[in-house]
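The next block holds one structure in the form of structure tokens; read it before the comments.
Protein chains get the first letters and strands the later ones, always in sequence-line order, with residue 1 at the start of each.
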Amino acid sequence: MAAVRLWRCRCRALLSRPAGAVRARRGLAAGPEMHFGFQTVTEEERREKIYQVFENVAKKYDVMNDSMTLGIHRVWKDILVHKMNPCPGTLLLDVAGGTGDIAFRFINYVRSVRQRQLQRKLKHHQNLSWQEIFESYQKDQFNSLGDSQVVVCDINREMLKVGKQKAQHLGYSEGLSWVLGNAEELPFDDDKFDVYTIAFGIRNVTRIDLALQEAYRVLKPGGRFLCLEFSHVSNPLLSRLYDLYSFQVIPVLGEVIAGDWRSYQYLVESIRQFPPQEELKAMIEDAGFFRVDYENLNCGIVAIHSGFKL
Amino acid sequence: MEIHPLAGSRTRYCSRTRPTKDSRSLHIQPVTCSDLQLPEPRASDWWHQLYPGHIPTSPLQKALLAAGSAVMALYDPYRHDMVAVLGETTGCLALPNLRDKMKNHPEGYRILQERPRIRLSTLDMARLQGLPDGSLGREYVRFLEDNKVSPDTRMPPKFVDDEELAYVIQRYREVHDLMHTLLGMPTNMLGEVVVKWFEAIQTGLPMCVLGAAFGPVRLSSRKLQVLATELVPWAIRSGLNASCVLNVYYEQRWEQPVESLREELGIFPPPPVRV
């Protein structure tokens, strides 16, 4: 009985967010108080707690993603890379890219584009001798990525470790680098990257405005910013089902599969605390990006925001 | 022997054990952390935990947890935390019964008041090792060493929504090793199944019943035969004959010989098979 009442209290409070939390939600300097899920903590505490959350879940991160989203997260990430449509020679920075999902998809995409490029080139050379064809294959064999590179940057050592192991296991070796770094203070020079992506990571950044400013800084002029993140569902029926699923099922999955209820409770609460699509679009524009737009996937469960540095 | 900080001072705890007829709401107060010497929670902390480590859950969540933990425990028998979660989420009927059995017995009532905990930090291992062979303390320490287990690996309860029942299930978990000692069963799969049969009869916890019923699926046919012909009948007979094992203040009986304790409880001597 007590539990049902407590749980109902939490759900009621879910709907009535205090006004003071709005500034905190925007990830702006809201004084010392910030949100960690539905709790109120200081900035430093929030960083530490989030670090611990990802340290705990790192090994089971991929399994949990598959079970929570029933594998749909793979489709979302594929859509992100297709939207990016990278050509060989692109330099990608994948922030909060821990286990490397976006990086591996980028490499696959660029490789297949490169293959098609090479095939087309060969088709145009009608009268090459076999020796010349063999030599051209040799030359391009070492360039299967066409000089594309991806830098995976994450603040959490455990996530990077898991990512590196995955890369070894799946056989990705060239064109990939792993860097330990903070999205709010990237260890890179200005105007370096063609594309900056952050998939399901910006929600965990303590100061979103700083992260966006850093993204603007490290992108080349003409560079693209892409952000894949859980967002707000406008459809009321779907929203209720989604809430029910998020709050009832996901922590249970976390407990059963990963043995960690609280990290997944944090996950679903942080999704609710994150700014909705329009607000995030405004924040991206504030950082200096142009042609900012967003695309809702699955009615707003996930949204891809895109902007250009011009 | 450590006294639980909430012992005796029932006015300062968290929930009434039964809702009263006049008010449908239970009056719940957060545990004051000065009682427990823990860091103060923030005022805006969401969960008014009934005890440290408590996670309030809805009935739907409990049902999902019960189903999920049952499947996971069968799939991966090394997930002891899943067995614990299964016990907590399915024990809503059995735990109050156990608590009442304890309350109505003088020794059990004392345990509920004083809330002793069996932990390495509270056990005087040197003293127990110095006790004569055949005494409860000596045999318990021998069991811990032979099987390389420790009483500190028991999971604290998380999903029980009453702090007294949380203590009851914690006590049950800590006494589990003593069950092994009293029944003379090692911690291999066969021994665990036998102890589960005994506990199923004694406590009526659905988790024990499920463990007793599904545990044997992973045993070889030879062991199954031994189990079915000798060990299970003995466990059932002892379980039915014995008084409630949670009503024994083990911490005050380390010097008592195991045989005498078995006789006092009503546990029959174990059959002469190698487990």
Self-check item: Polar side chain donor-acceptor pair, Tyr294(A) to Glu278(A), under 3.5 angstrom
Solution: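 Side-chain D/A pair, Tyr294(A) to Glu278(A): present.
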
Quiz item: Are Gln273(A) and Glu269(A) linked by a side-chain donor-acceptor pair shorter than 3.5 Å?
Solution: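 Glu269(A) and Gln273(A) do not have a side-chain donor-acceptor pair below 3.5 Å.
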
Quiz item: Is there a salt bridge (charged side-chain N to carboxylate O under 4.0 Å, His left out) between Glu214(A) and Arg207(A) once you walk through the steps?
Solution: CA-CA 11 Å; Glu214(A) 280 294 281; Arg207(A) 291 283 304 273; over 6 Å; no

Self-check item: Pairs touching residues 83-96 of chain B that satisfy side chain to side chain donor-acceptor pair (under 3.5 Å), sequence neighbours left out
Solution: Glu88(B)-Arg173(B)

Would you list the atom pairs, donor with acceptor, under 3.5 Å between side chains in residues 54-66 of chain A and any protein atom, with sequence neighbours excluded?
| from | atom 1 | to | atom 2 | distance (Å) |
| --- | --- | --- | --- | --- |
| Asn56(A) | ND2 | Gln52(A) | O | 3.4 |
| Lys60(A) | NZ | Ile257(A) | O | 3.2 |
| Asp62(A) | OD2 | Lys166(A) | NZ | 3.3 |
| Asp66(A) | OD1 | His73(A) | NE2 | 2.8 |
| Asp66(A) | OD1 | Arg74(A) | NE | 2.9 |
| Asp66(A) | OD1 | Arg74(A) | NH2 | 3.3 |
| Asp66(A) | OD2 | Arg74(A) | NH2 | 2.6 |

Quiz item: If you look only at pairs with a residue in residues 194-211 of chain B, which of them pass as a salt bridge (Lys or Arg N to Asp or Glu O under 4.0 Å), with sequence neighbours excluded?
Solution: Lys196(B)-Glu199(B)

Quiz item: Which atoms of Tyr75(B) come close to chain A, meaning under 4.5 Å heavy atom to heavy atom: side chain ones, backbone ones, both, or neither?
Solution: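 Answer is neither: Tyr75(B) stays 4.5 Å or more from chain A.
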
Quiz item: Does anything in residues 203-212 of chain B get under 4.5 Å of chain A by heavy atoms, and if so which residues?
Solution: none

